[in-house]
Amino acid sequence: MTQQAPPTGELTTGAAGAPAAPGPATLIGRLRARPAALLAAGVLGLLVVLALAAPLLAALEGQSPNTYHDALVDSARGGVPYGSLGGVSAEHWLGVEPGTGRDLFVRLLYGARVSLLVAAGATVLQLAVGIAVGLAAGLGSRFADSLLGRATDVLVSLPTLVILIALTAVAPAGFPRPLLLILVIGLLGWGGVSKVVRAQTLGLKKLDHVAAARLGGSGRLRVARRELLPALAAPVITYAALLLPANIVAESSLSFLGIGVTPPTPAWGQMLSSATTWYRADPMYVLLPAGLLFTTVLALTVLGEAVRTALDPRAAGRLGVGRTRGRVRGGIRGRIRKGGAA
Amino acid sequence: MGADTDLRTGTDTGTRTDLVTVSDLTVDFPVGEGRFVRAVEALSLSLPDGGALGVVGESGSGKSTVAAALLGLHRDTGARVSGTVRVAGTDPLTAEGAELRRLRGGLAAMVFQDPLSALDPYYAVGDQIAEVYRVHHPDASRRAARARAVAVLDRVGIPDAARRSRARPHEFSGGMRQRTLIAMALACEPRLLVADEPTTALDVTVQAQILDLLHGLRAETGMGLLLVTHDLGVVAGSVDEVLVMKDGRAVERGPVAAVLGAPKEAYTAALLAAVPRVEAASAPVRTDGAVADGDEPPLLAVRALRKEFGRGRRATVAVDGVDLTLRAGEALGVVGESGSGKTTLGRMVTGLLTPTAGEIRHGGVPAHGLRRDVQMVFQDPASSLNPRRSIGESVADPLRAAGALTDAEIRVRVRGLLAQVGLDPEAYHRYPHEFSGGQRQRVGIARALAPEPRLLVCDEPVSALDVTTQAQIVELLGRLRRELGLALLFIAHDLAVVRQVSDRVAVMRRGAVVEQGPVDRVYGAPEHPYTRALLAAVPVLDPAGAAQRRAQRLESASA
Amino acid sequence: MARFLVKRLLAAALVVLTLSVVVYALFYLVPGDAAKIACGDKCSPAQIAQVRTRLGLDESALAQYGHFLQGLFTGRDYSTGTAVLHCDAPCLGLSYTTDQQVTQLIWEKLPATASLAFGAMALALAIGVGTGVLSAVRRGGLLERALTVLTLVGTGMPVFVLGLLLMMAVCAYLQWLPFPTYVPLGEDPEQWAWNLLLPWLTLGLFESAKYARLTRSSTLETLAEDHIRTFRAYGVGERSLVGRHALRGAVPPVVALGALDLGTMMGGAVLTESLFGIPGLGKTLIDSIRHIDLPVVVGVVLVIGTAVVAANVVADLLYALADRRVAL
Amino acid sequence: GPESGDSAKGATAGPAKGGTLTVLNSDPQSDFDPARLYTSGGGNVPSLVFRTLTTRNRENGAPGAEVVPDLATDLGRPNADATEWTYTLKDGLAYEDGTPITSADIKYGIERSFAAELSGGAPYLRDWLVGGADYQGPYKDKKGLDSIETPDAKTLVFKLNKPEGEFPFLASQTQFAPVPKAKDDGTAYEKHPVSSGPYRVTANRNDGEELVLERNPHWSAKTDEERKAYPDKIVVKSGLDPAVINQRLSTSSGADAAAVTTDTNLGPAELAQIGGDKQLAGRVGTGHFGYTNYLAFNPKVKPFDNPKVRQAISYAINRKSVVNAAGGSALAEPATTFLPDQKAFGHQPYDHFPAGETGNPGKARELLKEAGYPNGLTVTLTHSTEENRETGPATATAVQEALKAAGITVKLQGLEPNAYNEARWDITKTPGFFISRWGADWPSGGPFLAPIFDGRQIVKGGSNYNHAQLDDPAVNKEIDAINKLTDLDEAAKRWGALDARIGEQALDVPLFHPVYKRLYGKDVKNIVISDWTGVLDISQVAVK
Ligand SMILES: Nc1ncnc2c1ncn2[C@@H]1O[C@H](COP(=O)(O)OP(=O)(O)OP(=O)(O)O)[C@@H](O)[C@H]1O
Ligand SMILES: Nc1ncnc2c1ncn2[C@@H]1O[C@H](COP(=O)(O)OP(=O)(O)OP(=O)(O)O)[C@@H](O)[C@H]1O
Ligand SMILES: [Mg+2]
Ligand SMILES: [Mg+2]
C-alpha cells in the first residue's frame, strides 16, 4: 500500500476520527526509525540464521554435536574440562561440555534449533487455539461464551506440570519430543491469548463496521475473518512477544524436571538445567546458554515492545491535547496472562 | 514584515488592558518520522478583562489547540509553539514552577469537552475539586477545601451538594458532570474561563442549562470567557465577540451580532448558511413512489415494540411500547434526548437487535433477523468503516456476501455506487483514513445502498460532521430518496436537521413516543410539553433572539 | 453483587469437579501401577494384590470415582488395621503411599505454600509496580532502560537458575543469610521471615517483570487519559498526577492479575519450593504424580483449582471495587 | 578418606557427648513404621530408634559389612539344615517408657509387617517363613504366625520353608524391631513409634519432612555395643534440593557446621570444585555400598538372543565415558563383574570380554560379523528420563556413543521413571536392551545374585528382576546349596565363583559400581563408613 496524501482541505481528518491503523509498510517504516528495534531484529535474525546453518558451522569447526571427548575432561574431578575457560581451544571454540567433552559451540547451535523451534511452535499453537477460542467466545452466543469461559477456567486451573508429566508418560515412546513439547506447551498455554482475543472481540463487535458487515449479509465466519482478525493483529503480536520467551523458559523448566527434549538432542533449556550446578567449577558452561537465552529474550522483548508501539495508533497520533474517542477498553480480563510453572 | 514591531505592540497592549493577548501563534504537531502538521498558523487574538470571546470553526480548524496554548498545555508534548501568548501578564509558554501553577487554575481555568473522561473516575467529585483548590490555596485545610467544593457545587446548581459531593463521576449525568467541571473552575476563582466545547456532548436541553449557567456566572464574577465551539448557535447567546477559524487561521472576527448577522467573509457566510434552522418550514421531498396509499400494507409497521436490556432489578427499558408506521418513500424523523431509545429502536428495525416484545412487519409480513432490504447508516463515520480495508472493498462486501455477481461485475457496481454518492469512483482502493468525515459518511451510505434496500435507517448520520458537511449529506439523502424512492427512518437529536429531512417526526422520551405527526405540525404547534421544552432549548443564531429565549427559560424555570 | 457471587461460585464448583474428572481420567492413561508403587520395590505379587485391594484399585474406574465423590460429600471410613478411621467430609481419601489423610496433608502443606506465595507476590507487586511506575515516568531515559533490562533478567532467567545464583551469592559467598530452611510462622515468626526472604526474592523477582511491564503500560495509558489533562490544566504537580491519579487507574489491573497469579501460586511454585526445600503443595504434587498417588494428586489439583477460581472471582471483585464503572 | 573410626580412644579432641546433630536430606522419612521401612541393615536414621535382633557392625570398611547381635545375645542358632533359627534376647532391654522388651513384641512386630495396611517392607519374610505366603497380618488374622515361636519372654524360634544360612542378615531389618501390641495403632504408629534405641521421636512434622530425635532415657549403652549416641539431639530435615544440601555442608556455617547427610552424594560439579580445595576435601567421606549398574539384555528379544551380539556389546562398551557420565572416576569405579568389588560379596575378579578402558570396537565388529551383522546393526536402548546419572539419559548417551564406534546404532528410548520401572520389572514388557541396576539388601552374594539369576525367581504378575529370565538348573542348584551354608565366609567364596560362571553367558554388561562421596560439616567427628552402607553412620557421629 502506498501512502497518499490526504485529500486537500482535509487537515481535519486525523483529529476527528479514530486514528488510522498502519499498514505493513508503515509498520516497517516505523520500526526502521528505531535503532533498538533494528538491532533486536538483527540479533534475532542472526540467531535464526546460525541455527539454520548449524550443520555448516559444525563442519567449519570440524566438530559434531554428539561426539564424546573423554580425554578432554578430568574424570577424577567430576569430568571438568581441562584447560581454561571450559576447555576453549582451536578445535573447540567455546570449550567442551563437562563430563562428556562434547563440543559446546556446536551443541549451542543445534540447541538453538530445538529451543527456537519449540518456543516458536508452541507460540504459534497458543495463538492459533487462543484466537479461535477467543473469537468463538466473543462472537458466539452467551451460552457458548460461558461454556468456553468455563473450559478456559478449567484449563487455567490445571496445574501445567501435572498434565505435562502425565502426558509425557502417556505419549508413545517414539513420539518426537520437540513436537510433544510444542503440543503440550501450546495446548495448555492458550488461556491468556483467548482471554485477550475475547475481550478485544467483545469490544470490536460493538463497532459499527461489524454491524454494517452483518447487515450487508456477512455470516459469522466472514465477519470474523474480514472485520475482526485484522484488528486483532496488534494485541496478538504484543502478546506473542511475551509468549515466546516465556515458552523458551518453559522448555528449560521442563528439562529441569527431566521432561524436556530427549538426549542426545541439545536444547538451551536442557543445557542450562544441567549446567546450573557448574557455575563455580566451569562458569562458561552456565554463561553460554544463559547468555544466549537472555539475549534472545531481550531481543524479543525489545522487538515486541517496538512492534506494539508501532501498531498502537495512539503512539503515532496525538498526545495530550487530543480527545480519545472510541477506545476499546480491554479491561482486566484482556490483560490476563497465565503465569508459567514458577 | 517586522516581527519585532508586532511583538512589541502585542506585549504593550496585552499587559495594559487585556486579559488575554495572543499574537502570531503558530503550533505544529509532530506526526512521526520527523514530519509536522500545522494546526494553528499566525493567529492573533485578544480578550479584554471580563469579556467573552467565542472561537468557532469547523472541526480541526485549530480551536482546541489555541485554547490549550493559553494554559501552556502543549509543553512537553513535542508540539512546536511560536509567537507570544500572555494571560493576565503571565507567559504560559515560558512560565515555570509556581508561576505556571498559578496560571493553570488560578488565573485561567479550563472546562473540557467530554465531562466523563475529564474527571478522574476513581475519586469523589468533591475530593477532586478540593484537590485542585488546595493546589492554589496551599494553606487551606482539607476540611476547608471540602467545604469550598460543596459550596461551588451548590453554586453551579447541583442539588443536595453536600451529599452529592461524595459521588463519583459515573454516578452523575452528563449535565451534572459538566457542572462539576465548571464548579472545579470556579473553585479557584480564575480571571479567565476557557471552555472548550463545553456542551457538545450534551442534549439541547442540558446544553441550554449549561450555557445559562456560564452566562450567569460571568455576570456574577466578572471573569473573562473564551468559549470554543463549532456550533454557531452556541456562541450567539453566550459571547460578545467571535473569532472564526479555518485551517488554523483566523478568518473573521468581530462583535457577535455583526459577524453572525452580516458576515464579511464568504467562508463565514457559507458556514452560517449551512446551519439548519429549526424555524424554517421544510420543503418535503416529493418522491415518485411515495403515494400514501391507504390500502397497501405499509413498508414498515411497528407495534408495541419493547426492548429491555439486562434482567431483574438491573433491567433498563430502552424502548417502551412504540408504534410506528412508515410508507414506501416516506421519511420519518425520530428525535429525543440522549438515552431516549432512538438507536435501540433503529437497530430493532434493522434486525440487529431482537425486540423483547412487540412486532415488526415489513410490507405486512412479520420480520425476524437481518434483511437485505433494510440497511443502516451509522453515526460515526470513523468506526463504521473497517480502517484496514479499502473503501471499495467495504462497499463491495454486501455484494460479495450475496455471491450473485462476478468480481468484475461487483467492481463496476461499486464504482457506480461511489459515483452515486458523489465520490470519485477511482477512490475504490483508498483507505478510510484518507478521507474526510463527510466523505466517509458517503462511503457508509454507498455501502448501505449496495444491497438495494427499500428502507434506510440513519442513526445520527450527520451529528459527527460539521455544518457544511452536514448540509451536503442531508442534501445527498434527499436526492437518493427522490431517485431511488427510498424510505428513511432518520434518527437525530438535532431538531433542525430532522425538520429538513423528514416528512413526519416522532418525539421520543424515555423509550416512548410522546408525540408524532407531520413535521410542520409538530414543530409549529407542539402539543406535548416535552416537545415544547426541546424546541425552546434549541440555540438560535441571532444573539437578540438567544437572549430572549434565555429570559423565557429562566422565567419558566422559576415558575 | 450477591447474584454475581452465587453464579460465580456455582460455576466454580463445576469447574473444580470437572478438574477432578480430568485428573482421574488422565491418570488412568498414565503407565505405572499405583499398587506396585505403593507396595514398594521388590514387592511380591501377593503383596501387590493385597495392596491393590486395600487401595480399592481393583474396582472399576467409575466405581473409584464414585467413592471419591461420596467421600467428598459424606466422608469415608478407612481401616488403620487396629481401628476404623473416619475421614470427615469433604474427604479426599488417603494417600496411597503414606496413608495420610489427603485433607490433613494439604492442611499441613498449605501454610508453607501460602507463606511463599503471599510473600513473593507482595514483593513481586512492590518491585513490579515500583519499577513500572518509575520507567513510565522516566520514559525514554537511562533509568528506564536500566530498569527494563533488570526486569528482563527476571523474564529471561528460569526461576531455578535465578534462585540458585541468588542463594550462592547471598548465602555462600557473602554469607549475609543462612541457607534457608522453612520454619513455620506459628513456631517463630522472625525465623520464618528470615528463612523465606530468599525464596520470596527469587520468586518475587521472577514474577515482578510481568507486573513491571503491565504497570508501565497501564500507567502510560492512564497518563494519556483525559482526566490527567484536566488536573494538569489545574496546576496539579507531576508527582501528584502520577501518584494520585495515574497509579489509581493503573494499579487495579495489576493487582487483579496479581490475585490470579496468587491463585496459581497457591498450587505451589514447584521449582522454587523444591529448590529451597519448602514443604509445600507444589513439591507434594510432583512427588505424588511420580508415585501415581492419585488421591493426593486429585486433592492438590482441586485445591489449586479452587484457589485459581477463587482468585478469578477476587480479581473481578477487586477490579470492580477499584473501578466502580465496571458492573459485575 | 574418612577419619579413623576409633579416634574416640585416647585422642585429645575425641568425640564427646552433647550437642545437636543436623541431618540434611533430600528424601523425607515418610514411612517411619518399622513394618514399612525397607532398609539395608536397619537403615541409618531408623536404627537410632529401632533396635533389631541383629544389626550391622559399625566399623569402617570391610569389617563394617559383618552382621553382629543387637537385641539378641548372638547371631542366632540354626538347626542342622538352617531351616530353624533360635534367638535369645539380652537382659535389661526396655522401651522408651521403661517397659521391658519381650520376644512376643518382636514376633508381633514381624506379624504386623504382613498386614496390607503396612505394606512396603522387604519380601523375604513372606517367602522364607513357614505359612508366610498366606498370612494376612495380626489385624485380619488374630491367630498369629505359627512359624515364629516364643517359648518364653526371651526366646524366639523361626521356622523356615527352606535352608537360609543368611537369616542373621535378614534379622537386622527393621521388621525385627519390637512393637508393643498395646501401643500399636496401625497406620498411625509411625507418628509415635515406641523407641527401643538410643533416641526417641519427639516430633515428626509433615509426614517425615522433619524429625526431631531426643535421647531415650531408658536406653542403656550396656546392652548396645554398636550405637554410640553422642549428640543429645538429632534433627533430620528433608525435602531439600541436593545442590542446596551440598552447598550448605560446604559452607558449614551456623548449625550446618554440625550437619551431615545420609542420602545426598556430591555431584560432579561439586567434586570439581572441591578438587581444588584442601580444606573441603578433608570433609568428604568416601564409601562403597554393594551396588552395580549394568546393561541388561532380554535374550527373548532379537538380536539379543544371539550371545555373540551380547558379547559384541560387552566388548564395545567404553567404560570411561560411562564412568564420566556417572560423575567421573571419583564417583564410579568401572565394573567388569556383576558382584560388587567387596570381600563380603565374595567378589572374584573376572573380565570375560575385555573392553579395556575405552572399549574394543574392533573385537566387537568381528563378533558382529560372526553373528551375521557385517554391516552393523541398530538396537534400542531403554532408559529412564530421570536425571540421575545412573539409569538416566547421561549414561544412555554415553553407551550410544560407545557402541557407535562398533557399528551399532543405538536408538534411545527414554521412559518416565514409573514407565521405566514398569518396563524393566514387568516380565511381559521387558525391553531387549536396557539400563538397570541392583543393590544388595545385605552385603552378601545371596540377595545380589539370586533375584537376578535364580530361575525360580522369575516373577509373573509382580516385579521380576531376572531380566534375562535365566532358568539354568545348575545355577539354581548351586544357589540352593550355598543357601544351606551357615558359614558366611565359605558362602561368600561360592557366590563369587557362581558370579564368574554366570558372567560367561554375557547376560548383562556390568558398567560401574558407584562410590559415595559425601560432605559433612566442619564440627562433625567420628566418621565411620562401613562397606555395608557406604555412608557415615549417624549412630557413631559426634558433634562435640
Ligand atoms: N497532538 C496532536 N498531534 C498531531 N496533530 C494534532 C494534535 N492535536 C491536534 N492536531 C491536529 O491539529 C489540527 C487542529 O486540531 P484541534 O484539535 O485544535 O481542532 P479543533 O478545531 O479543536 O477541532 P474539533 O472541533 O474537532 O475539536 C487538526 O488537524 C489535528 O489533527
Ligand atoms: N446494549 C445495551 N445494554 C444495556 N443498556 C443499553 C444497551 N444499549 C442501550 N442501552 C440503554 O438503553 C437506553 C436507550 O439507549 P439508546 O442508545 O437507544 O438511546 P439513544 O436515544 O440512541 O441515545 P443517544 O442519543 O445518546 O444515542 C439507554 O438508557 C441506554 O443506556
Ligand atoms: Mg477541539
Ligand atoms: Mg443513539
Side-chain angles (χ1 to χ4, degrees), chain A residues 1-24 26 29-30 32-33 204 206-219 222-223 226-233 310 313 315-328, chain B residues 29 31-33 37-39 58-61 64-65 68 73-74 76-79 113-114 117 247-248 347 350-352 370 372 374-376 378-389 393-394 397-399 401-402 430-437 439-440 444 447-448 450-451 464 466:
Chain A
M1 183 187 102
T2 48
Q3 285 289 309
Q4 283 159 344
T8 40
E10 286 299 331
L11 203 70
T12 63
T13 47
T26 340
R30 284 190 190 149
R32 273 219 207 102
L204 285 170
K206 295 208 184 81
L207 289 185
D208 289 341
H209 68 80
V210 177
R214 284 181 54 208
L215 265 180
S218 299
R222 199 179 159 85
V223 167
R226 301 263 171 145
E227 310 294 329
L228 301 177
L229 274 182
L232 290 172
R318 28 208 286 174
L319 293 166
V321 199
R323 59 168 96 125
T324 10
R325 212 191 248 166
R327 185 168 137 227
V328 180
Chain B
F29 288 110
V31 287
E33 291 128 57
V37 98
R38 178 148 296 182
E58 60 193 65
S59 181
S61 54
S64 298
T65 310
L73 291 178
H74 295 304
D76 302 324
T77 62
Q113 169 178 1
D114 184 351
S117 63
D247 295 350
R347 290 193 170 233
T350 57
L352 282 170
L370 303 168
R372 290 180 65 78
V374 180
Q375 291 295 319
M376 187 150 174
F378 297 88
Q379 166 173 7
D380 186 355
S383 80
S384 66
L385 289 175
N386 188 342
R388 291 172 183 81
R389 299 181 67 194
E393 279 307 304
S394 282
D397 209 42
L399 302 173
R430 288 163 63 183
Y431 283 80
H433 73 271
E434 300 172 42
F435 292 89
S436 74
Q439 287 171 320
R440 277 184 243 176
R447 178 183 51 196
D466 42 77

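So that the names make sense, note that chain A is the first sequence line, chain B the second, and so on, each numbered from 1.
- When all heavy atoms of B/Ser384 and A/Ala212 are compared, the pair lying nearest together is O-CB, 4.4 Å.
- Qualifying salt bridge (Lys or Arg N to Asp or Glu O under 4.0 Å) partners for A/Arg214, counting only residues two or more places apart in sequence or in other chains: none.
- Every residue meeting the side chain to side chain donor-acceptor pair (under 3.5 Å) condition with A/Glu227, not counting sequence neighbours, appears here in chain and number order: A/His209, B/Asn386, B/Arg389.
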Residues A/Arg222, B/Asp397; criterion side-chain contact (heavy atoms from CB on, under 4.5 Å); working and verdict: CA-CA 10 Å; A/Arg222 199 179 159 85; B/Asp397 209 42; 2.8 Å; yes
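- Pairing each heavy atom of B/Gln379 with each of A/Asp208, the nearest pair is N-OD2, 4.4 Å.
- Here the closest heavy-atom approach between residue A/Leu215 and residue B/Val374 is recorded as CD2-O, 3.8 Å.
- Only the side chain of B/Leu370 comes within less than 4.5 Å of a heavy atom of chain A; its backbone N, CA, C and O stay farther away.
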